Structures are given as C-alpha cells and as structure tokens.
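Note sheet for the following structure.
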Amino acid sequence: MSSTPPSPAHQETTNLLPKDISLSVNYLPSKFSSGLLSPGARRRKPRVDLSVPKRGGGREAFKTSEPRMPEEGDEDYDGVSGDWFGGKEGGRTRPRMRWNKFKWTLFVANVCLSVYALTGLISCLLTWFDVFEHADIVRVGNRTELILSTIAAAAATITSVFGWAGILLNNRSFLAYYTFFLWICFGLLVTPGYLTYKQRTFNLEGKINAQWSRNLAAAGRLRIQNRLHCCGYYSPFVEATVSQTCYARSVLPGCKAAYLHFERRVLEIWYTIVFSLVPLHIFIILAGLLCSNHVTYRFGKGMMPKAYRLSMNSMAIIMDKYASQLAEQYGSDVASDILARSRSNFGLDSPPCTPQTASVSSGSGGGTGRAHEGMGM
C-alpha cells in the first residue's frame, strides 16, 4: 500500500504551537454537529441561518440557549462598548434597560446604605457645628465617639458612591471594591456603639467623676456649666470654673446629677441606633457578596476567552475530528457529503487537509478524493 507525501496544509497544521490552537476544539464538534446535520428542524427564525453558529458579541450573545462566538477584535467589556451605558460608538442607539433580580437587590441595599450613611453624616456634622441645644456637651464629653461616628458615616457615604457607580454602569470592578469597603464600614460602625455601651454599662458614675476632675480643662467645664445651667461639680465650691453665672455665692446646683443623667440618656440612644443598624448592614454585605457578580447575566467580561476563540487553524483540527466522528457513525459517503456542505456553509474556499479528511474523501470515491486533495493544495 503506497503512502502519499503529506500536503503543505497538513504540515502547517501539525507544526502549530499549542498557543495557536483554540481550546474549543474539544467541545465544538459535539455542540454544533446536530445543527449541521439537521438545520431545518432547529430553524426558528426564517431570516437567520442557524446551521452556522452566530458570530459577534454584545449582550444578546449571552441570553439563555444562545450559541454565539465573538468576531475578530470583538471586545465588549461589562456592557460599555464605545460610549457610556452601552451605547454604540459614534451613534445614539442605546439598549433597552433590563434589570435582573440581583441588580434590584443591590439597588435596594445601596439605597438603605445611602440613607442611613447620609443621615448619620448630617447628624454628626450638625453636632460639630453646634446646631443642637446640647451639642457642645457631646463635643466636650464624648469627643472620641463623635469622631469615630463621623468617620464611619463618611466612609459609608463614599462606599455608597462606589455602589451606585457599579450598579448604574454594570461594572463588577466597582462592585468588588464596594463589597470590600462594606466590611471596613461595618467595623467603623460597631466601634462607637461598643465604646458607648461599655461606658454606660460599666461604672458610668466613676468615669464621669474621673473625667470631670482629670480630663476636662477649665474651658471644657465652663462649656458644660453653661449648657446645663449648673455651677461646679457637687457645688460652686468643688471644681468649678468661674463665670458670670457661676461664682462662690451662686444659687445654681452642681453639675454632677444633670451631667450624669444627660450622659446616660445620650449614650443609650447612641449605641441603640448603632446596634439597630447592624442587621441592616449585614444584609447589605450579603447582598454585595451574593449579587455583585451577577449584576448582569454575562459571565466575566461577557466575551469568550481568547484561548477558546476559533481561528482557521483551530477549524482544521475541528474538521479533522468531525470527519472521524461522522465516518464512524454514518459511513464515508455520508461523511464526505456533510463535510462538503459544512465547508460551503462556513465559507471555507480552501479547506484544510488532514489525515481523517483525506481518508474520508478517498473512501467515498477516487474522483471525490482527488477533488478534495486538489482543494487542499
């Protein structure tokens, strides 16, 4: 039995490097073989030839049961292709808005985060600006907790901005940072709540005594005396700061009882608000973890990885495996006829010549084998 020398096309196919061959060669024949064998039975749209896999990217390529392969240079990143919000480059066409349930969950969660973050930030700023009646007492007696609460509210506000950017632009990178920053905001949220709870629960009176005698300066005591309308700690003769209303013969009471009552009420309100936000913030974290990667139904960048994209070199290997499968199932005559029809559908004017295709062609007749051999040269 004489063996013919391999053709240049076959040598070129065998000399290909692994990086030049698409990884889809292991899957595509079985995926599209039914459509190539019986294109009429699967035809749903009269104007579209479903015997050939669709090409091109975009959002429609990744809907349910939609086989589509990207074209050369087709790079669609997270729905942004040439213009904001998915508009076409150089045009005004915009796709119809389609929000899935994951995106709605993120939207509701970020609304809650934005509302309580802005409310807390505004409350802290009004306290710093001494808008409330007793805000100056908080600035003097609870300065550490007020600073931590302001930082937590500001961080939550900035995090909500990242969330809006990721939700409205369908950008998973922004949503990844959003989910990470939510954990930082959670730590900043519970810190002032823990400090205020510990201060009120464990020996608040002793802490107030130590604060008045050791930590507060004369200016701090004066601000508390002016707001609570008192003089001195126990009386005007004990650790008092002299002012127009506080002097030795003043009839004003001491500040300990009023200051202790104020601290108990403020600290209780403070940690109650903080701890009541913890379940809501945990819900926001879970929504970010579970839904941020599904803000759209596309996977990753929304495009088939380059290692799996088809090329003419990969088509040679696919046709090679496809020919062997058809020859085993239907015989050489049917296989050669289907191969000829599939080549014309794919527009392959010069089909690659491989050992299996050559054997199928030679098995179906000498004339057909010589014709296929001439096309491969």
Side-chain angles (χ1 to χ4, degrees), residues 59 62-64 78-80 85-86 96-128 138 142 144-201 265-302:
R59 182 176 57 194
F62 299 94
K63 63 183 181 181
T64 306
D78 286 343
V80 182
F85 304 104
R96 183 163 58 91
M97 297 294 292
R98 298 177 183 177
W99 284 29
N100 54 33
K101 56 185 178 181
F102 303 105
K103 190 169 184 177
W104 279 111
T105 303
L106 281 174
F107 177 80
V108 173
N110 204 47
V111 166
C112 297
L113 177 65
S114 301
V115 169
Y116 91 71
L118 289 175
T119 303
L121 183 60
I122 292 173
S123 301
C124 291
L125 291 179
L126 293 178
T127 303
W128 282 112
V138 178
N142 306 101
T144 302
E145 293 84 353
L146 182 59
I147 292 174
L148 291 175
S149 298
T150 306
I151 294 175
T157 303
I158 297 174
T159 302
S160 67
V161 174
F162 274 90
W164 289 123
I167 293 171
L168 297 179
L169 295 178
N170 296 333
N171 194 305
R172 291 186 175 89
S173 299
F174 282 157
L175 291 175
Y177 285 109
Y178 169 73
T179 306
F180 173 73
F181 289 148
L182 284 175
W183 290 97
I184 299 178
C185 294
F186 180 74
L188 294 174
L189 172 67
V190 298
T191 300
Y194 168 73
L195 292 178
T196 52
Y197 175 78
K198 184 179 69 171
Q199 183 175 355
R200 184 187 185 279
T201 305
R265 181 169 57 88
V266 169
L267 292 176
E268 183 179 7
I269 295 174
W270 206 321
Y271 71 73
T272 301
I273 294 175
V274 169
F275 290 149
S276 64
L277 293 175
V278 169
L280 177 61
H281 197 87
I282 291 177
F283 161 74
I284 298 172
I285 292 177
L286 292 177
L289 289 173
L290 298 177
C291 303
S292 61
N293 204 34
H294 306 283
V295 66
T296 57
Y297 283 120
R298 71 176 68 232
F299 176 79
K301 288 185 177 181

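Please read all numbers here as calculations on a predicted model, not as lab measurements.
The side-chain contact (heavy atoms from CB on, under 4.5 Å) test with Leu113 singles out one residue from Leu118, Leu182, Thr157, and that residue is Leu182. For the side-chain contact (heavy atoms from CB on, under 4.5 Å) criterion with Phe181, the lone passing option out of Tyr178, Tyr177, Trp183 is Tyr177.
Between Trp104 and Trp99, the ring planes lie tilted relative to each other; the angle falls in the 30° to 60° range. Aromatic ring pairs are classed by plane angle as parallel below 30°, tilted from 30° to 60° and perpendicular above 60°; the pair Tyr271 and Phe275 is tilted. The aromatic rings of Phe186 and His281 lie parallel to each other, their planes meeting at an angle below 30°, with 60° marking the opposite boundary. Aromatic ring pairs are classed by plane angle as parallel below 30°, tilted from 30° to 60° and perpendicular above 60°; the pair Trp164 and Phe107 is perpendicular.
The closest side-chain heavy-atom distance from Val274 to Thr196 is not below 4.5 Å. Inter-residue side-chain proximity for Trp270 and Val138 is flagged as met; some heavy-atom pair is nearer than 4.5 Å.
When all heavy atoms of Gly288 and Thr179 are compared, the closest pair comes out as O-OG1, 3.4 Å. Of all the heavy atoms in Asn110 and Ser160, the pair that sits closest is ND2-O, 3.2 Å.
Heavy-atom contacts from other residues, nucleotides or ligands closer than 6.0 Å to CH2 of Trp128 number more than 12.
Under the 3.5 Å distance criterion, the side-chain polar atoms of Asn171 are left unmatched by any main-chain donor or acceptor of Ala165.
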